[in-house]
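To start, the structure under review is shown below, and the notes come after it.
Counting convention: from 1, in listed order, for ligands and their atoms alike.
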Amino acid sequence: MCGIVGYLGSGSAVPVLVSELRSLEYRGYDSAGLAVIEDGNLRILKAAGKLSNLEHILKEQAPIATVGIGHTRWATHGEPTDRNAHPHTDEAKVVAVVHNGIIENYRELKDELLKKDYKFGSDTDTEVVAHLVSYYYKQNKDMLNAVRQAVSRLQGIYALAILSPAYPDRIFAVNHHYSLTVGLGENESFLASDGLAVRPYTNQLLRLEQSEIVELSSSGYKLYSFEGKEVKRSPITSEGSLYIIDKGGYKHFLLKEINEQPTVLRQTLAKYLPDTHKPVNLKKENKGLVNGLHTAGITLTKEQIKNIDRIQIVACGTALYSGMVGKYIIEALAQIPTEVEIASEIRGRKLLVNERTLTIAVSQSGETADTLAAIKEAKEAGSHTLGITNRPDSHLAHITTDLITTECGIEVSVASTKTYIAQLASFYLLGIYLAEEKGLLSPQKSAELKHQLHLIPTWQEKILSSSEDIRQAALKYSSAKDVVFMGRGFNYPTALEGALKLKELTYIHASGYAAGELKHGPIAVLDENVPVVTILVPGVVYEKTLSNALESKARQAKMIAVAVEDDKNVDSIFDTIMRIPTVDEFLSPLLTVIPLQLFAYFTAEALGKDVDQPRNLAKSVTVE
Ligand code: M6R
């Protein structure tokens, strides 16, 4: 979490730093701050809350500087206050430090520094780094050495940027199992946790590898390993086009992104299924540029696919739920036993995968620390690895053998919507591909499936055109304190996702259940105050799901359904019905989630919540 930025050149540093921070606000918005060198001294400006608070301060006290570092925070250690906002410095103001990640041994280091009479002014783990660098610098007056010595004491995964008035033409940055990109312009250099923040200024990018230190000047950089060896690596020219970030006339990014879903699905299908009558083509030979995004695919040969006896999916949050749908799809089509694990639950356990396993990591950002740790472990165990991500320039994209990139463009709103649809599409495509390669799908069945997939965007548009009905439904239930979502089979993950969307956008407590599980305990929470949302689509679990809904009705719950147009059974059972075009359960997750996204959005809007940046969250969760 958190975003780090830096600028060094002949231009004015503050506007560049602010614009870089604006691009990284998705990584946290608990506070923002800058450190610049003004008249040979360190000047620090910071404020709790969103970047706009810092901007107010900057308007009044505009520092004049050509070098600086900045930070946008998602609080881990210490409340989101001014005093805990980055940058942090030592008492003598030898250095200012901004930091991503967690210093796991900070307590031990803090005790050591307290014994040496160092005074602490915050509750953060970051401040330890400032004191430590300052401590080593005082000993040998060599900043690079001091940084190396400090880093050798740190445990955890992190990235740092360090500024010192003793080196007014340098920024020192450290990357340890994180993401940090250097941008090189003409006599100016940039630094950011995500390449997209420096991309508006230059397309010459150098991505730091794990455990590297960079000494940045306006004319270039020197790269070192933690051991102090100089590393020779040239920047690459980024071919990707700039991400355009605008609301396109919508009130919120979230609403725009929900409405983009038919386009996103069409784009993903156009990329991987250009012709419905040809076999799905996800081969790595396709690696190249499509619409400015890198594309790649599957290198697995027919023989390798035959040898895969198990698929392991790892992910977090919404990406996890797409993986759960993925399991149902792959098992139904390719008949390969598939397990889905919460990536953070793999920590401290051994992931039981081997060369006969395909491990799939799903991550919109491609930077989620838990997901990365899990896929790295799978790789080490010899498993074939596949990443599904929206960011072809991400850490995940770099470390997996195979890659499916979703065609979403940037997703700005913290709550995932369009990337979920694209992840689901990736699993349908993958399922079809694996089944075809295993000879399990007849050409007719395959063509029919692809044809059906191509129909979905139009059906999604139909749901979106009924947004006003969903808004009315949301208004009816916006005073609820607790909401239950349930579904079976392909729509059990939809229930989980519907509950997650409502929780994160509205802060209303919501739970998603496999409908058949309700009677095993959760039904105890139901009464006339609890809305129950049932996802009900034609298929083998329809009747049983309907029975589970009736069990809720018998407990006086408020009854809401997501149901298909032709379903007349639901009219007399449910108080509110959100209709979707008639679809079979197999493809239904591509539709059923949309009314739930809109329901959560309109509820949040009615309650006056911060729709695009809900409290306590960050879009990219880079701590474990
Ligand atoms: O970038 P990732 O897909 O790996 O992120 C995983 C989760 O943090 C993410 O899906 C989160 O749950 C979203 N806020 C959901 O809307």
Side-chain angles (χ1 to χ4, degrees), residues 1-3 24-29 74 178-179 193-194 196 252-255 257-258 261 264 313-326 340-346 360-376 386-400 403-406 408 410-424 426-427 485 493-494 496-507 510 512 593-594 596-601 604 609-624:
M1 328 287 264
C2 303
L24 295 191
E25 223 186 355
Y26 73 87
R27 298 173 80 98
Y29 32 82
W74 184 82
Y178 245 82
S179 286
S193 308
D194 184 331
L196 79 85
H252 295 106
F253 282 108
L254 185 76
L255 191 58
E257 287 160 6
I258 291 173
Q261 293 179 115
V264 158
I313 299 172
V314 294
C316 302
T318 292
L320 175 79
Y321 302 148
S322 80
M324 289 173 71
V325 180
V340 190
E341 285 259 20
I342 299 173
S344 59
E345 280 300 303
I346 293 161
I360 304 174
V362 193
S363 173
Q364 178 282 129
S365 62
E367 300 292 348
T368 297
D370 291 317
T371 307
L372 290 174
I375 197 75
K376 281 179 189 167
L386 162 66
I388 299 178
T389 183
N390 197 40
R391 295 295 303 273
D393 51 349
S394 65
H395 198 148
L396 178 67
H398 277 71
I399 61 177
T400 48
L403 188 68
I404 300 179
T405 52
T406 52
C408 299
I410 198 83
E411 188 177 64
V412 177
S413 184
V414 165
S416 298
T417 52
K418 61 178 179 175
T419 52
Y420 177 70
I421 287 293
Q423 287 161 0
L424 294 184
S426 306
F427 277 114
F485 291 76
T494 313
L496 295 171
E497 175 60 5
L500 176 61
K501 285 288 93 81
L502 192 70
K503 270 184 283 209
E504 66 181 333
L505 293 175
T506 68
Y507 322 148
V593 73
I594 295 178
L596 302 184
Q597 294 167 340
L598 287 168
F599 185 81
Y601 168 74
K609 301 298 182 203
D610 190 341
V611 170
D612 286 326
Q613 294 185 326
R615 71 180 184 199
N616 303 340
L617 299 182
K619 184 134 193 88
S620 185
V621 184
T622 55
V623 291
E624 291 182 316

Please state which protein non-hydrogen atom is closest to [atom] and give its distance, to 0.1 Å?
atom	value
atom 6 (C) of ligand 1	C316 O, 3.3 Å
atom 3 (O) of ligand 1	Q364 N, 2.7 Å
atom 5 (O) of ligand 1	T368 OG1, 3.5 Å
atom 8 (O) of ligand 1	V621 CG2, 3.8 Å
atom 15 (C) of ligand 1	T318 OG1, 2.9 Å
atom 1 (O) of ligand 1	S365 OG, 2.6 Å
atom 14 (N) of ligand 1	E504 OE1, 2.9 Å

Do [X] and [Y] have side chains that get closer than 4.5 Å, going by heavy atoms?
X	Y	answer
I360	V314	no
T371	V362	no
R391	I410	yes

Any heavy atom of L617 sitting closer than 4.0 Å to ligand 1?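 Contact check L617 vs ligand 1: negative.
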May I ask whether K501 has any heavy atom positioned less than 4.0 angstrom from an atom of ligand 1?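 Contact check K501 vs ligand 1: positive.
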Any luck finding a side-chain donor-acceptor pair between [X] and [Y] under 3.5 Å?
X	Y	result
H395	Y178	no
N390	T419	no
T318	K501	yes
S416	Q364	no

Which distance, rounded to the nearest 0.5 Å, do you find between the CG of L617 and the CG of D610?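 It is 10.0 Å, given to the nearest 0.5 Å.
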When you compare ligand 1 with K619, is there at least one nitrogen or oxygen pair between them that comes in under 3.5 angstrom?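 No.
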Counting each atom of ligand 1 from 1 as listed, which ones have a heavy atom of A319 under 4.0 Å away?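 Listed by number with element: 3 (O), 10 (O).
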Looking at G317, which atoms of ligand 1 are within less than 4.0 Å of one of its heavy atoms?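 The list of qualifying atoms is 10 (O), 12 (O).
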